[in-house]
Amino acid sequence: MGQKNAKNLIFDGLKRLEYRGYDSWGIAILNNGEISQYKDIGEIQKDKGFDTLPKGMIGIGHTRWATHGGVTKVNAHPHISTEKDFTLIQNGIVENFDELKKSLIKKNISFLSQTDTEVIVKMIEIERNKGKTLKDSLIDVFKKLKGRNTIAVLDNENSRIYAIRNGSPLVVGVGKRETFLASDTLSFSPYTDQVILLEDYDMVEIDKKYLKVFNILNLHKKGLDIKKLKVQYQNIDKGKYDHFMMKEIVDQKETILLASNYNNVELQPLLNEISKSRKVYIIGAGTAGFASGQIAYFLRNISHVDALDIRSYEYKSYLPVIEKDDLLIALSQSGETADTIEAIEEFKKKGCKVCSLVNMLGTTISRISDFEYYTNSGPEICVASTKVFTAQCSWGYLLAMSLMKKNTLARRKIAELSLNTKKLFTKKSIENIQMLVEKIYKNDHMFILGKGENFNIALEGALKIKEISYKHVEGFSAGELKHGVIALVEKGTPVFGILSDNAESKDIVSAIEQVKARGALTIGIGSERFKKNSIFDWYIVTPQFDTVGSITNVIPFQLISYFLSVKLGNNVDKPRNLAKSVTVK
Ligand code: BG6
């Protein structure tokens, strides 16, 4: 709500949010006492439909990642009321959607879409028909919704915007004579760095004359706690690259070092907490899950800390053994991943202290943790995480070394490593990878062998190729090969082995010999020392700096997945069915 042409502002904001979900979208504008909206499937673009939207200074918009109902125009948001007196957008899942919908159908309520969102709209209409104001109807209905949900509503009658948050992210951007509401700060970052971070069950009421925040459970009005964002991301662009992914892969020349920009004093509170904790659990989802594994490896093997990594979505099976003297370290690029937030909330209920390592600013995960650290990698737009993975690992290596009072040595080693990372982006190195891709792009099955410090690198490498090339790729410990996976190896099957300058690499060499004997196309990634070994049909050298070197062993897999995706004509930055921040369970 402001003085500018809302549809263009909302369009730009949605484009900056598109990485969070991109199967369909919609914008609603209030103009001359009427709500006009346009919805479409596919990429957010200024097409004829968009042009039909009138000029107006108030509006709401949404980009969708389907949870209930297929990718259709009808299921896209906003969902407008029968009387067209309000329209609604939602981020989350109404977990009791089925029973709510059944009770409405019993009242002969009919639906246009298959979404849980429209159920909310219908419930509000029923409250309205009882004579309640839209605001009171919203509050009463919202309290009946189960699960993590955030909704925003455009009110035609009063030219207002209401929004209520529970779990799913929502922030207010306070500008000069304009106010923004959004799922993350990135979307309105070019216009203001003044934000209000909202708690669960906070409601926002935006009127031309005022901005109100209050809690819907006790109706207590809250002060407008406006915070200044540390960094304001004006431009999010690919620079000279065709895709954000390639730009973000090359950014690692700087971001690996940036993540280690913490001295002993800044780390001390966490170092003390680790020293007095019984056990350290490290959690994350997707790529952040594999980074958790790498950090647990560093803590066990460098600083002999009893550290264990857990995938956020599997924390429940550990709850029975969690004790209050345990420490939780949570990793997240977006800071809003629902599974990770839920795990943190449960560990806190057990009395555990929580440390978070997040990339985005002003997020839920940072706000609910006792110790906050940041990867400082800048916005990561490509859905497949690259620079934030190596940044998370770099921070973990620094933490483990700092526990051994080797903070300065660690920062020197990381600086050397990031300097040498450049070698992976030379014309010769890139061509070597592109020629390999020409050789393997027709294969539908590939395997990656890793061991010890490279085990989680193998898992992450496989995820990268899966995420954007849609190929079936499995990463696993070399030791597992003979216990089953080797049955899948046939003539020409690409099998990668990751080799550091350490004793475990001999196990990788013998594993590669076994698959070679069954006709596999064998690819080595790692130390120059093994480059001339004839068991490899292909070899990619990576910088070696003792254990810290394992971090950059993932970069060739990032590049292979990138060139595979380009070769196969996939949408590199927005792969099918994925989203950058999964705010639903
Ligand atoms: C996925 C992203 O949706 O969520 C991955 O595509 C990411 O890149 C994973 O690793 C976890 O997200 P986050 O934001 O908690 O690190």
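As the structure lists them, so they are numbered: ligands from 1, and atoms in each ligand from 1. In what follows, every heavy atom counts, from backbone to side chain, and hydrogens, waters and symmetry copies are set aside.
For atom 12 (O) of ligand 1, the closest non-hydrogen atom on the protein side is Thr337 OG1, 3.3 Å. Atom 4 (O) of ligand 1 has Lys580 O, 4.1 Å as its closest protein atom, hydrogens excluded (heavy atom only). Counting only heavy atoms of the protein, atom 3 (O) of ligand 1 lies nearest to Ala579 O, 2.7 Å. Regarding atom 6 (O) of ligand 1, its nearest protein heavy-atom neighbour is Val383 O, 3.1 Å. Nearest protein heavy-atom contact of atom 16 (O) of ligand 1 is Gln333 N, 2.7 Å. Atom 11 (C) of ligand 1 has Ala285 O, 3.2 Å as its closest protein atom, hydrogens excluded (heavy atom only).
Inspection of the Thr255 and Ser377 side chains reveals no N or O donor paired with an N or O acceptor under 3.5 Å. Between the side chains of Thr150 and Ser168, no donor-acceptor pair of N or O atoms lies under 3.5 Å. Side-chain contact of Lys451 with Asn454: a donor-acceptor pair under 3.5 Å is absent, judged by distance alone. There is no side-chain donor-acceptor pair under 3.5 Å between Glu453 and Asn301.
Close approach of ligand 1 to Ser332 (heavy-atom distance below 4.0 Å) involves ligand atoms 13 (P), 14 (O), 15 (O), 16 (O). Within ligand 1, the atoms closer than 4.0 Å to a non-hydrogen atom of Ala288 are 10 (O), 16 (O), numbered from 1 in the order shown. The Thr287 neighbourhood of ligand 1 comprises atoms 10 (O), with distances under 4.0 Å to a heavy atom of that residue.
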* Asked: Checking salt bridge (charged side-chain N to carboxylate O under 4.0 Å, His left out) for the pair Lys15/Glu43: CA distance, chi angles, key distance, verdict?
  -> CA-CA 9 Å; Lys15 284 304 278 182; Glu43 184 157 357; 3.2 Å; yes
* Given Arg20 and Asp184, is the salt bridge (charged side-chain N to carboxylate O under 4.0 Å, His left out) satisfied, shown in steps? -> CA-CA 10 Å; Arg20 299 172 76 98; Asp184 77 14; 3.0 Å; yes
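Remark: distances from the non-hydrogen atoms of Val582 to ligand 1 include one below 4.0 Å.
Counting only distance, with no hydrogens or angles, the side chain of Arg165 and the backbone of Tyr201 share no donor-acceptor pair below 3.5 Å.
Considering backbone and side-chain atoms together, Ser581 places no N or O closer than 3.5 Å to any N or O of ligand 1.
Taking NZ of Lys471 as the reference point, atom CG of Asn570 lies at 9.0 Å (rounded to 0.5 Å).
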